[in-house]
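Here the structure is a predicted model, which means the values were calculated and not measured. Both ligands and their constituent atoms are indexed starting at 1 by order of listing. Only this structure's heavy atoms are used, side chains among them; waters, hydrogens and symmetry mates stay out.
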Amino acid sequence: MNTEGRKDIKAGFIGLGAMGTHMARNVAKGHYLTSVWNRTEAGAITLSQELGVQCAVSPALVASHADVILICVSADADVLEVIHAMLPALRPQSIVVDMSTVSSDTAREAARLVESKGADFLDAPVTGGVEGAKNGTLAIMVGGRLEPLERAMPVLETMGSRIVHMGDVGAGQAAKAVNQIMAAGINEAVTEALAFGSALGLDMRKVIDVVSGGAAGNWFLEKRGPTMTQGLFKPGFKLALHQKDLKICKGMADKLGIELSVTEMAMTDYAKLIAEGHGDEDISALYRLKRP
Ligand code: NA7
C-alpha cells in the first residue's frame, strides 16, 4: 500500500466531540486539515482558531473544499443526517470517511448516498480511547474499496498507528462490533474484580500494578482502574455511546442466531446507570454498581 505523504490532500473534519477534537488536531499536525464543522458552533470556532483552519458554516461547505471528508459524530441517524447535508456539495473523486461507530447497514446506506455523487465512502471506526485519539495511536478498521483507502491513507496515518483494511463497505463496522463486545466483557470483569479487591481491603494501587504485569493485565485496567477505584468516571468513552454500540451488536447477533450473554449483562447494567443519569460518564462508571 502506498503510504507516502501527499501534502496536497485537503481534509475537512466534521464532529468535534471527545474523539473528533483530538483526531482533527492530529490531521492538522500532518498539514492536511483545511476546515472543520461542528453542530454546536462554539467548539468549532475555538478549534479552528487554534489550528488556523476554516470554521465552515455547514457540512456542505466542508464537502465543497475537501478531498477527504472525515466524520466522527454520535450515532447512525447523525451520520446519515450529516451526509444528506453535505450531499449537494460533494464532488466526484472526494472520499468520505466515517469514523463514528454505527451499524454496517448504515455504512452501506451512507456509501450508496455518497457514491450517487461519484465520490467514495469508507467506514473507518476507531478504537484506542481518548488517549489514542490524542496520541495519534488509534487502531482504525476500514471497510470499502482499496483504491480510495490508499488515497486517504496519509490522512488516516496522522490519527492511527494500526490501519487495517477489513473488506467491503460495512466490514470496518463489523470489526468494531467485535471490539465493542470484547470491551463490554472486559468492563464487566475489571469492575467486578476491582470491587472485590476493594471489599477485601487490599491496596488497590498495588493490585492494579501487579495484575497489569501478568496474564490478566489489559488496557482498560491500566487506564481506568486507578480512576474508577477513586470514584472518578470522567469521560473517556461515554457509557451511553457504548450502550448504542451494544444494541447494534445485539441486532447483528440476533440475525445470526447467536447469544451474547456477557454483552446482555452489560446492556442491563448500563440501562440502570443511564436511568440514574450516568450516561455521559465513562464506561468505567459500571464500577458504581459493583463497588461495596
Ligand atoms: P461525543 O463526545 O459525544 O461527540 C459527539 C459529536 O457528534 C459532537 O461533535 C456532536 O456535536 C456530534 N453530533 C452528534 N449528533 C449530531 C448530528 N445529528 N449532527 C451533527 N453532529 C452531531 O462522542 P465521541 O467523540 O466520544 O464519539 C464519537 C463517535 O466515535 C461515536 O460514534 C463513538 O461511539 C465513537 P455537538 O457538539 O453535540 O453539537
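With a 4.0 Å heavy-atom cut-off, ligand 1 is reached by the side chain of Lys238 but not by its N, CA, C or O. At a heavy-atom distance under 4.0 Å, no atom of Phe13 approaches ligand 1.
Here's the thing with Thr101: one of its N/O atoms is less than 3.5 angstrom from an N/O atom of ligand 1. When only interatomic distances are considered, the shortest N/O to N/O separation between Ala18 and ligand 1 falls below 3.5 Å. The shortest N or O to N or O distance between Lys176 and ligand 1 is not below 3.5 Å. Inclusion of Gly15 in the set of residues having an N or O under 3.5 Å from an N or O of ligand 1 is not warranted.
A salt bridge links Asp67 with Arg91: at least one charged nitrogen is closer than 4.0 Å to a carboxylate oxygen. Checked for salt-bridge contact, Asp282 and Lys223 miss the test: no charged N lies under 4.0 Å from a carboxylate O. With respect to Glu276 and Arg288, no salt bridge is recorded, no charged nitrogen being found less than 4.0 Å from a carboxylate O. One finds no salt bridge joining Asp209 and Lys206 here, because no Lys/Arg side-chain nitrogen approaches an Asp/Glu carboxylate oxygen to under 4.0 Å. Look at Arg151 and Asp120 and you find a salt bridge, because one of the NZ, NE, NH1 or NH2 atoms lies within 4.0 Å of a carboxylate O, short of that distance.
Of all the listed residues (Arg39, Glu81, His22), Arg39 holds the heavy atom that lies closest to atom 10 (C) of ligand 1. Looking at Val73, Asp78, Leu241, it is Val73 that brings a heavy atom closest to atom 21 (N) of ligand 1. Between Leu16, Thr21, Val82, Asp245, it is Val82 that holds the heavy atom closest to atom 20 (C) of ligand 1. Evaluated by nearest non-hydrogen atom to atom 39 (O) of ligand 1, the leading choice among Ile14, Val102, Thr40 is Thr40.
For the atom pair CZ of Arg224 and CG of Leu221, the computed distance is 12.0 Å after rounding to the nearest 0.5 Å.
At the shortest separation from atom 32 (O) of ligand 1 among protein heavy atoms lies Ser74 O, 2.7 Å.
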Given salt bridge (Lys or Arg N to Asp or Glu O under 4.0 Å), test Glu109 with Arg112 step by step and report yes or no.
-> CA-CA 5 Å; Glu109 172 62 5; Arg112 192 186 64 75; 3.0 Å; yes

